[in-house]
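Whatever order the structure lists them in is the order used to number ligands and atoms, beginning at 1.
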Amino acid sequence: MSSFKYKQKKLFVENISVFNLAKRNRTPFYLYSGLQIKENYSNFIKNFKNINPLICFSVKSNSNPYILRFLGKLGSGADVVSYGELLKALKSGIKPNKIVFSGIGKSEEELKLAIKKKILLINIESESEALLINKISKKMNKNTSIGLRLNPDISVKTHRKISTGKAEDKFGLSKKDILSLCKKINNMKNLRLNALSVHIGSQILSDNPYKKSLKIIADIIKKTKIKFKFIDLGGGFGISYRKKEKKIKLKNYSNLVNNFKKKFNCKIIFEPGRSIIGNTGILVSKVQYIKKGRNKSFIILDAGMNDFMRPALYDAFHNIIPITKTNKKIKGSVEFVGPICETTCKFGRYKNYQRLNENNYVAISNVGAYGFVLSSNYNTRPLLAEIFVRKNKNKTIRKRQNLLELIKV
Ligand code: LLP
């Protein structure tokens with residue numbers, strides 16, 4: 001997180017002191033760096049330079065409209081999975097011809113909107129969905145551009161709860177089903193089969209599974225002899241949540257995709273979420289109380305699992321860093337926990353953590369992706385504010401939810 005740095009023991013985001021922001025804004029709040037988003041986006045482009053892909057940012061990872069607009073201005077399109085996400089992307093200025101729509105359970109209402117707006121691709125995940133889109137398109141007198149989402153039956157070394165490309169996962173169509181659907185689609189006159197798409201999971205740190213699915217796609221193209229205009233290779237590129245975590249080597253994969261593109265003469269689409277936005281955000285929280293337990297101290301934060309779900313949901317590790325550093329240490333173990341009445345409302349255990357006092361601030365790191373978007377009103381707590389920093393300026397890009405509105409009956 002090169003945009004989050006200590007200067008004289010104080011954490012800064014770009015040119016702004018996080019401590020000063022924490023003093024002026026009610027904690028907890030999400031805090032993002034615009035520079036980091038820019039850097040990630042241009043690194044992504046650099047990695048795939050020869051390919052000149054269309055990047056469709058995965059809106060589910062962070063759907064703040066200001067951030068979508070910011071990414072849109074950088075050139076990004078959007079990968080959406082619901083009516084709400086599609087509308088948000090459009091409202092944020094992203095053009096329909098840069099939007100792809102995935103999801104196994106798209107409703108008629110969602111499909112109608114996507115068809116009406118003429119988005120780039122609706123990625124179909126079942127034969128029934130193809131039939132429904134054809135029917136609606138006919139009624140609306142439209143010719144709809146679709147892709148077929150492949151489930152390549154590949155196991156991916158990631159958290160079992162975020163793998164999507166195994167045969168037992170609910171996503172996509174098997175190779176066999178795609179081969180037979182390609183034939184049937186010939187008779188669905190209001191569909192244009194423009195793409196194959198694949199997304200095998202998230203937080204993937206090896207390029208191996210990607211290589212494997214590329215092979216399967218090549219095989220489908222050879223067997224069907226269809227000239228697909230687009231190949232949508234999904235997202236899933238992992239980031240380092242821990243210092244020692246190795247990074248995914250994109251150069252090698254990029255070369256493979258480049259050869260693939262040349263061979264099949266198609267436009268490549270990627271749908272990255274986490275790799276663009278994950279390390280751009282922190283969750284700033286105050287130490288409410290410190291309480292001695294039997295063999296550890298509990299550092300009780302004002303942020304709860306409702307504000308940030310990943311540790312409770314996936315046992316995810318997110319390094320907790322102090323806003324002001326000191327050399328003094330707390331002896332023994334500490335556990336950072338939140339106020340929610342659930343045992344899983346905890347954020348991590350550390351040994352020899354630096355000294356903290358009540359009312360000090362800390363930041364939970366790498367929360368830009370699947371952070372705010374997964375938060376809830378559990379325990380009747382309002383959704384948090386989101387603040388965006390660019391150079392010397394900060395801007396509230398989402399106000400903290402109004403509590404009175406929340407408790408209205
Ligand atoms: N495309 C499709 C069709 C997807 O389902 C996803 C994520 C992406 C793209 C973006 O994947 P990314 O580049 O962000 O890995 N809540 C979980 C992650 C769920 C991912 C769901 N699909 C987490 O917090 O780890």
Asks: For atom 18 (C) of ligand 1, which candidate among H199, R274, R310 holds the nearest heavy atom?
Replies: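 Of the listed residues, R274 has the closest heavy atom.
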Asks: In this structure, does ligand 1 have an atom that sits under 4.0 Å from one of the heavy atoms of M309?
Replies: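 So M309 does not count as touching ligand 1.
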Asks: Are any of the N/O atoms in S202 less than 3.5 Å from those in ligand 1?
Replies: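 So ligand 1 has an N or O lying under 3.5 Å from an N or O of S202.
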Asks: Where do Y32 and F388 land on the ring-ring contact (aromatic ring centres under 6.0 Å, His included) test, with the steps shown first?
Replies: CA-CA 5 Å; Y32 302 97; F388 189 92; 7.1 Å; no
Asks: What I want to check is whether the side chains of N123 and D232 have a donor and an acceptor closer together than 3.5 Å.
Replies: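 On atom types as modelled, these side chains qualify, holding a pair under 3.5 Å.
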Asks: Look at the aromatic rings of F48 and F237 and report parallel, tilted or perpendicular, splitting at 30° and 60°.
Replies: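 Rings of F48 and F237: tilted, as their planes differ by 30° to 60°.
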Asks: List every atom of ligand 1 that sits less than 4.0 Å from any heavy atom of G235, numbering the atoms from 1 in the order shown and giving each element.
Replies: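 Reading through ligand 1 atom by atom, the close ones are 9 (C), 13 (O).
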Asks: Would you say N394's side chain and I16's backbone share a donor-acceptor pair under 3.5 angstrom?
Replies: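 It does not hold such a pair.
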Asks: Once you restrict to heavy atoms under 4.0 Å, what part of S58 touches ligand 1? Side chain, backbone, both or neither.
Replies: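 It is the side chain that touches ligand 1; the backbone stays farther off.
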Asks: What atoms in ligand 1 come closer than 4.0 Å to a heavy atom of G273?
Replies: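 Counting from 1, the qualifying ligand atoms are 12 (P), 13 (O), 14 (O).
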Asks: Quick one: look at V81 and ligand 1, take heavy-atom pairs under 4.0 Å, and tell me if it's side chain, backbone, both or neither.
Replies: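 Contact part for V81 vs ligand 1: neither.
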Asks: How does E125 reach ligand 1, by side chain, by backbone, by both or by neither, if only non-hydrogen atoms under 4.0 Å count?
Replies: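 For E125, there is no contact with ligand 1 at all, from either part.
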Asks: Is the distance between the ring centroids of F57 and Y41 less than 6.0 Å?
Replies: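 No: the rings miss the under 6.0 Å criterion.
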Asks: Quick check on contacts: which atoms of ligand 1 are under 4.0 angstrom from a heavy atom of E271?
Replies: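 So the atoms of ligand 1 that pass are 1 (N), 2 (C), 3 (C), 8 (C), 9 (C), 10 (C), 13 (O).
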Asks: Any atoms of ligand 1 less than 4.0 Å from a non-hydrogen atom of R149? List them with their elements.
Replies: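 This gives 3 (C) as the contact atoms.
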Asks: Which bit of Y314 is near ligand 1, meaning a heavy atom under 4.0 Å away: side chain, backbone, both or neither?
Replies: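 Contact part for Y314 vs ligand 1: side chain (C-beta onward).
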Asks: Against ligand 1, does G234 come closer than 4.0 Å with any heavy atom?
Replies: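 For ligand 1, residue contact (heavy atoms, under 4.0 Å) with G234 is absent.
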Asks: Say whether G236 and ligand 1 are in contact under the criterion: heavy-atom distance to a ligand atom below 4.0 Å.
Replies: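 It does, in that a heavy atom of G236 comes within the 4.0 Å cut-off of ligand 1.
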Asks: So among V389, T280, I276, which one has a side chain to side chain contact (heavy atoms under 4.5 Å, CB included) with Q36?
Replies: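 Of all the options given, the one that passes is T280.
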Asks: Within a strict 4.5 Å, meaning less than it, do heavy atoms of the L131 and M188 side chains meet?
Replies: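 They are in side-chain contact.
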Asks: Does the gap between the ring centers of F298 and F336 come in under 6.0 Å?
Replies: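 No.
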Asks: What do you reckon, are the aromatic ring centroids of F317 and Y241 less than 6.0 Å apart?
Replies: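 F317 vs Y241: aromatic centres not under 6.0 Å.
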Asks: For P272, take its heavy atoms, then give the atoms of ligand 1 lying under 4.0 Å from any of them.
Replies: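 This gives 13 (O) as the contact atoms.
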